[in-house]
K.L.:
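Encoded as structure tokens, here's the structure I'll be asking about.
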Amino acid sequence: QVQLVESGGGLVQAGGSLRLSCAASGGTFSHYGMGWFRQAPGKEREFVAAITWSGGGTTYYTDSVKGRFTISRDNAKNTVYLQMNSLKPEDTAVYYCAAARWRSAQGMAINPPAYWGQGTQVTVSS
């Protein structure tokens with residue numbers, strides 16, 4: 001079965017940076033879209049960023065993180081990353097890695113992916 005394991009979350013001061021990692025296993029990901037979602041306390045889970053596994057890696061971001069977050073992947077390591085810079089308190093949330101078959105980067109934001117990681121906590125202090 002497909003497994004996604006996130007790491008890299010933690011506590012950081014506003015303006016700081018973190019890099020999240022998502023290690024994927026248990027499947028063939030050449031036709032997958034991969035991405036990150038987050039859920040803050042009392043709020044619904046929201047899309048953050050996505051990338052296609054194959055080709056040049058088309059990316060798509062939600063407006064609130066554009067210019068601050070960068071999604072990337074290392075196909076040889078079956079790992080997807082989320083580099084988060086200029087972090088703000090409103091970025092505080094549990095961040096989830098997600099995957100979907102035959103899905104474009106933008107499509108990850110439209111339809112809920114089938115596979116999810118366990119989540120990693122990101123806390124940004126003022």
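All values derive from a computational prediction rather than experimental measurement. Values reported hereafter were calculated over all heavy atoms of this structure, with side chains retained and with hydrogens, waters and symmetry mates removed.
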K.L.:
Is there a side-chain contact between Q13 and L87 in this structure, where contact means two heavy atoms from C-beta onward sitting under 4.5 Å apart?
P.N.:
no

K.L.:
To the nearest 0.5 angstrom, please state how far the CD atom of Q1 sits from the OH atom of Y115.
P.N.:
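It is 9.5 Å, given to the nearest 0.5 Å.
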
K.L.:
Would the distance check show the side chain of T52 and the main-chain N or O of T58 forming a donor-acceptor pair, the cut-off being under 3.5 Å?
P.N.:
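A pair under 3.5 Å: yes.
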
K.L.:
Which of these, L18, L82, L11, sits in a side-chain contact (heavy atoms from CB on, under 4.5 Å) with V122?
P.N.:
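Answer to the side-chain contact (heavy atoms from CB on, under 4.5 Å) test with V122 among L18, L82, L11: L18.
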
K.L.:
Kindly indicate whether the side chain of W53, heavy atoms from C-beta on, has any atom under 4.5 Å from the side chain of V80.
P.N.:
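Of all side-chain heavy-atom pairs linking V80 with W53, at least one is under 4.5 Å.
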
K.L.:
Under the 4.5 Å side-chain heavy-atom rule for ILVMFWY, direct or indirect, which residues accompany W116?
P.N.:
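Same cluster as W116: F37, F47, Y60, V94, Y96, M108.
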
K.L.:
Is there a side-chain contact between I71 and M34 in this structure, where contact means two heavy atoms from C-beta onward sitting under 4.5 Å apart?
P.N.:
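Heavy-atom side-chain distance check fails, nothing below 4.5 Å.
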
K.L.:
How long is the straight-line distance from CZ of R38 back to CZ of R45, given to the nearest 0.5 Å?
P.N.:
13.0 Å

K.L.:
Judged by atom type as modelled, is there a donor-acceptor pair below 3.5 Å linking the side chain of R19 to the main-chain atoms of G8?
P.N.:
no

K.L.:
Indicate yes or no for a side-chain donor-acceptor contact from E6 to the backbone of Q118 under 3.5 Å, with no hydrogens or angles considered.
P.N.:
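Checked: pair present.
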
K.L.:
Work out which heavy atom in L4 is nearest to a heavy atom in C22; give both atom names and the distance.
P.N.:
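Scanning both residues completely, I find the closest heavy atoms to be CB-SG, 4.0 Å.
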
K.L.:
For the side chain of T92 and the backbone of V124, is there at least one donor-acceptor N/O pair under 3.5 Å apart?
P.N.:
yes

K.L.:
If I take atom CZ from residue F69 and atom CH2 from residue W36, how far apart are they, to the nearest 0.5 angstrom?
P.N.:
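Here the rounded value is 11.0 Å.
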
K.L.:
Please determine if D91 and K88 form a salt bridge, counting it only when a charged side-chain N lies under 4.0 Å from a carboxylate O.
P.N.:
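A salt bridge is absent here (no side-chain N lies under 4.0 Å from a carboxylate O).
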
K.L.:
Do you know which two heavy atoms are closest between A100 and A114, and how far apart they sit?
P.N.:
CB-N, 4.5 Å

K.L.:
How many angstroms lie between OH in Y95 and CD in Q121, if you round to the nearest 0.5 Å?
P.N.:
9.5 Å

K.L.:
Could you walk me through whether V65 and M84 satisfy the side-chain contact (heavy atoms from CB on, under 4.5 Å) test, starting with their C-alpha distance in whole Å, then the side-chain angles of each, then the deciding distance to 0.1 Å, before giving a yes or no?
P.N.:
CA-CA 9 Å; V65 307; M84 305 185 294; over 6 Å; no

K.L.:
Can you tell me how far the OG atom of S21 sits from the CD atom of Q83, to the nearest 0.5 Å?
P.N.:
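Here the interatomic distance stands at 9.5 Å.
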
